[in-house]
Amino acid sequence: MIIRNLHKAYGKNPVLKGVDLELKPGCITAVLGPNGSGKTTLIKCLLGMVFGQEGEIVADGKEVNRSWLYRQDIGYLPQIARFTENLKVKELVGMIGDIRNQAADPAALISLFGLEPFMNKPLRHLSGGTRQKVNILITFMFNTKYFVLDEPTVGLDPLALIRFKELLVKEKEKGKAILMTTHMVHLVEELADEVIFILEGKVYFRGDVKALKEKHNGGNLEEAIANILFLEQHA
Amino acid sequence: MLKVLKYSFYDLVRSRWLYAYLLFFLLVTTGLVYFSHDLSRTMISLMNILIVLCPLIGTLFGALYFYNSREFIDLLLALPLPRRSIFLGKYLGLAFSLSLSLFVGISFPMILFGVLTSGLLMNLLTLLSTGIFLTFIFTALSFLVALKSENPIRGFGAAIFIWLFLSVIYDGILLLVLLYFESYPLDKFALIASLFNPVDLSRILIMLQLDISALMGYTGAVFRKFLGTGTGMVVAYGALIVWVVVPVLLFLRIARRKDF
């Protein structure tokens, strides 16, 4: 999937001003940027939930242009895991599988994240972290080519976080293209093959973690990022 | 679309409100027949209830349900489904379940009290169909309003205003106009004006079917005079269909372009 020169403004308030992005098989791309820099908007454009004013989104060589079939190839993990509150987890899993009409393999993920005791509970009784695990479950139980993850690690406990990282590496090795936004620096450092830093609606930096560190001559990534944000605030 | 409809329906069938609605109609219909011992008079009372209640419940429930479903809609939007299916599925899911409550709640006691052998079946069917039309119309209108305004309080306000306008204010204005321009021929004006109000149309439709001149009112009388009972009913039904189709199409059109 490719995004070319994407522009998006909400009313008169421009959010994205010409963003390019490519999702490559077997590659984890991390999108970084301060709060409100348009990361979520970018992802929603990719999914056709938000429409840009300019630029194009191409999936498998064809421009998306408000079609919907290409979403079969995308697993999307939304930022805020709020679902239909009355449904039980098991029912939600069944429902998503039924609506997607694609083969699902939830069993392995359920045991990976220890979700067995929650399967018969309604979603409204789950804690934030458990919801996020359910969110991960319903995203990764399908064998899609692309995974688009918006803040996937929010609320996860350390064990779940380790499991999640293992999961990402496994999917990457299977040749999946993964895009994620995150504020977790060590996650980026460990996993990302490519980093895209969005600032004021434009791609401020593109490259791997090493290049980002070198550019800001800080020894660690956290400082490099903080440095960018600081300069931005006082510019 | 059928899958979205199916899950919306499942979701709604668990809701207590829907059962309260069903129970209300069961009790009211049973009560009315029991105390009046007259199916025909029961139907007139029911008409008066339906004409106020169906639009009101359609409006309130529609806005409430739409705002409550926002998260579910967001979830569906990221799945490989066309937007039309999502929104049409949601709309039909609610409109069907409300209509089902209405249908069962009225027809069940009516059948028990022998409407099938009374020769009043057509009257009952007219009553039910207008109730269902009103449900579909006002659910569509409130969905439209709820989609347009992100702020639930504003959305509710606007939806209730539409209900109030079409149920009460519109008639008031029409009456004032008719009084004020008394000396002019206003038949055609009244005829057309009634087409623009689904509540009025429903009342006329039921009146034409029940054939009660005393309750028909000015617009109803004009309807019968100009179009006759048969054509009048066809025109009224046609106008009600337009009243469903136009808001639904508008709703789907806005949904197609909206950012979520």
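Chain naming here is simple, since letters A, B, ... match the order of the sequence lines and numbering starts at 1 in each. On a predicted model such as this, the values are computed, not experimentally measured, just so you know.
Interface summary for chain B: among Asn101(A), Leu47(A), Ile74(A), Ile99(A), the most heavy-atom pairs under 4.5 angstrom belong to Ile99(A).
With respect to Arg70(B) and Glu150(B), a salt bridge is recorded, a charged nitrogen being found less than 4.0 Å from a carboxylate O. A salt bridge is absent between Glu173(A) and Lys170(A): the closest approach of a Lys/Arg side-chain nitrogen to an acidic carboxylate oxygen does not fall below 4.0 angstrom. Salt bridge status for Asp60(A) with Lys145(A): present, with a side-chain N to carboxylate O gap under 4.0 Å.
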Handout entry: Steps toward side-chain hydrogen bond (donor to acceptor under 3.5 Å, both in side chains) verdict (Ser15(B), Tyr65(B))
Key = CA-CA 11 Å; Ser15(B) 131; Tyr65(B) 182 62; over 6 Å; no
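The aromatic rings of Tyr170(B) and Phe165(B) sit perpendicular, their planes meeting at an angle over 60°, well past the 30° parallel limit.
A side-chain contact (heavy atoms from CB on, under 4.5 Å) with Pro152(A) is found for exactly one of Asp150(A), Leu149(A), Val154(A), namely Leu149(A).
Within the model, atoms CD1 of Ile132(B) and CG of Leu240(B) stand 12.0 Å from one another, a figure rounded to the nearest 0.5 Å. With rounding to the nearest 0.5 angstrom, the CZ atom of Phe140(A) is 11.0 Å from the CG atom of Leu112(A).
A donor-acceptor pair under 3.5 Å links the side-chain atoms of Lys39(A) to the main chain of Pro34(A), judged by distance alone. A donor-acceptor distance shorter than 3.5 angstrom exists from the side chain of Asp193(A) to the backbone of Ile28(A), with no hydrogens or angles considered. Side-chain atoms of Asn120(A) do not come within 3.5 Å of backbone N or O of Lys90(A) as any donor-acceptor pair.
For Tyr10(A), the part lying under 4.5 angstrom from a heavy atom of chain B is the side chain only. The part of Asp11(B) that comes within reach of chain A is its side chain, from C-beta onward, which places non-hydrogen atoms under 4.5 angstrom from that chain. If you measure heavy-atom distances from Phe51(A) to chain B, the contacts under 4.5 Å come from both the backbone and the side chain.
Contacts with chain A (heavy atom to heavy atom, under 4.5 Å) involve these residues of residues 80-98 of chain B, listed by number: Pro80(B), Leu81(B), Pro82(B), Arg83(B). Against chain A, the residues from residues 241-260 of chain B that qualify, each with a non-hydrogen atom under 4.5 angstrom away, are Arg256(B), Arg257(B), Lys258(B), Asp259(B), Phe260(B) in number order.
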